[in-house]
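Inspection log for the structure reproduced underneath, given as structure tokens.
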2 protein chains.
Amino acid sequence: MTKNVFDKPLEKSTTSLIKDAGKLVASYPKVPITVDCVIFGFEESELKVLLIRSDLEMYKGLWSLLGDNVKNNEELDHAAYRVLKERTGMNDVYLDQVRAFSHPQRHPAGRVITVAYCSLLNIQHHELKIYKNELHWHSFSSIKGLAFDHKEILDACYKWLQKRIQEHPLGFNLLPDKFSLRELQNLYEAILGVSLDRRNFRKKFASMDLLIDVGEMEEDVPHRPGKLYKFNFEKYEKNKRKWIGIDF
Amino acid sequence: MTKNVFDKPLEKSTTSLIKDAGKLVASYPKVPITVDCVIFGFEESELKVLLIRSDLEMYKGLWSLLGDNVKNNEELDHAAYRVLKERTGMNDVYLDQVRAFSHPQRHPAGRVITVAYCSLLNIQHHELKIYKNELHWHSFSSIKGLAFDHKEILDACYKWLQKRIQEHPLGFNLLPDKFSLRELQNLYEAILGVSLDRRNFRKKFASMDLLIDVGEMEEDVPHRPGKLYKFNFEKYEKNKRKWIGIDF
DNA sequence: ATTTATTATGTAAAAAGTACACATTTCGGA
DNA sequence: TCCGAAATGTGTACTTTTTACATAATAAAT
């Protein structure tokens, strides 16, 4: 985090200056802000999205993204983490801001600006607890319409993910700790919507040298089991910079 | 723009439903929203940023980004374009949302959330009119500190630009209509902070086939003049998709 | 005419990406 | 226990992209 002027002790006349600034700011229009989280999961070779039944009567029967209003003096990132924690019980989930949506009529009750977040988690994770039965995982490709402008937000986050996953090894956040190369490839194919050559795919990951062979095999598969790997998060964090040049 | 539910005529009971939703939304905390534009220019082989003297007494002597509050029912993009138009007189400027900044103490007068925009324009453009003498172009590399959290915003936009310019031909927005390959290369070198091989650089742009030789030469240079080119915006717009796969 | 600075250009080597086939292993059922 | 089905695991040739590198030609300034 960059140091900013607030880290310095306040100077003599600052209190009155803040009052002046306060008057200025007080004249600005004020808007309710929400965060909306697109929570992606991966199961049965399909990309999934966690949705909730809309809490608005007028959207009865429609699903919507998980969101909440942003509290007083709450950071946007914090609000998004809070939503995740409240809805899934999980901490330490991959989360990134995508962008703000501000169409004046996007909320039927009047103006609400929302900031969209994209989050990736492992559906099978033991800490994952989907509270309330209004929450369900939906296959991404089957989602046709959502409440509010949430379909637009979902599509933006999906595109964001498609691009992002080609530049950073994010996919692991969607998989169990131990996974086979087939699962990994299925994941990439599902997200990118293409089919990939198995040998080239494996070669690519081998060259990255970020997979650790855990010395175990798949179980309960109706065919020859594959080796299981885990992602070398430590090594990735260390060498992050060289991945995309700048740590963006 | 995705079609949303508001395109449909309202159903019978909708009015009262909106009232319910309205009550809900009315309970949300409300926040002043601003947009801040990082306006990049390029001159004398240097990346420049347009800054204004801070209008807050307490930041006297410090520079800040160009911004404004977002009006009632105004889209964020619209607010950013408005700032650009008001400050530079220019329309049709390249502009893109980067992200929101929400640190609760980022504004001394209390909570203000801002959405950062990155904009690229041609400093020499004949329509460019910098109103008021509180506005000045600053060499990017010389900017040490800014009012508010604007240095942090500037750095985020700069990183965003570095990444973006490697994926899309944005650089042309910073150059005159006609430019030499040397100017183009200087631009890339300034933004990326590296030096590039001239032959390979030219080869790369030649292979894109997006430059039109206008049949003129540089003038007033103290050495052998180079050919002038213009960017083939039409062709680029047509083939945009193939550039990065998805039109992101 | 000479010097200086810059334009313009090609080729070879290395790296990365793509296309493609076959033997091996396990499961499960006959 | 044998066989078929289904998936794993592996290598090589070809193409494309990226990188490294040097010399002749042009215009300006003196």
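Each chain gets a letter, A, B and so on, in the order the sequences are listed, and its residues count up from 1. No experiment lies behind these values; they were computed from the predicted model shown.
For A:Y188, the ring-ring contact (aromatic ring centres under 6.0 Å, His included) partners two or more places apart in sequence, or in a different chain, are A:F201, A:F205. By the side-chain hydrogen bond (donor to acceptor under 3.5 Å, both in side chains) test, B:S102 pairs with A:E75, sequence neighbours left out. With sequence neighbours left out, the side chain to side chain contact (heavy atoms under 4.5 Å, CB included) criterion links B:P222 to no other residue.
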Listed pairs under 3.5 Å, donor-acceptor, residues 224-234 of chain A side chains, sequence neighbours left out:
| from | atom 1 | to | atom 2 | distance (Å) |
| --- | --- | --- | --- | --- |
| A:K227 | NZ | A:D213 | OD2 | 3.4 |
| A:N232 | OD1 | A:K235 | N | 3.0 |

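Residue pairs meeting the ring-ring contact (aromatic ring centres under 6.0 Å, His included) criterion with at least one member in residues 208-228 of chain B, sequence neighbours excluded, do not occur.
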Item to complete: If a protein heavy atom is under 4.0 Å from the base, mark B; if only from the sugar-phosphate, S; if neither, -; do that for nucleotides 6-17 of chain D going 5' to 3'.
Response: -SBBBBB-----
